[in-house]
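On a predicted model such as this, the values are computed, not experimentally measured, just so you know.
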Amino acid sequence: MRIYGFNEFILCLGYKGEMIKEYFRNYLWNICDTTLFLGQKPEVKFHNPAHEEDWQVTLADTGPGIDDR
């Protein structure tokens, strides 16, 4: 997906921001076929990743209580 040539984004997260973080953390798991190598040297291999998404996404916590962690 191309959005007018932009590929760097900053998302300011507040309430329920952990759900957005989880979405991006699991992004490749959800869009690709996956092979897991188990044993002494575990590894994950993603097949057919979407190369058109050459994005940089910064997830910034901005909600109340950030300093209370």
Just how far is it from atom [atom1] of [X] to atom [atom2] of [Y], taken to the nearest 0.5 Å?
X	Y	atom1	atom2	answer
Thr62	Tyr15	OG1	OH	14.5 Å
Glu8	Thr58	CD	OG1	8.0 Å
Glu43	Leu38	CD	CG	11.0 Å
Asp33	Lys45	CG	NZ	11.5 Å
Leu59	Ile20	CG	CD1	8.0 Å
Lys16	Lys21	NZ	NZ	14.5 Å

Open item on the list: If you count every heavy atom of other residues, nucleotides or ligands that lies below 6.0 Å from Ile10 atom CD1, does the total exceed 12?
Closed with: no
Task: Partners meeting ring pair (Phe, Tyr, Trp, His ring centres under 6.0 Å) with Phe46 (sequence neighbours left out) - done: Trp29
Task: Contacts of Thr35 that satisfy side-chain hydrogen bond (donor to acceptor under 3.5 Å, both in side chains) - sequence neighbours left out - done: His47
Open item on the list: Is there a path of hydrophobic side-chain contacts, each under 4.5 Å between heavy atoms, that joins Met19 and Tyr27?
Closed with: no
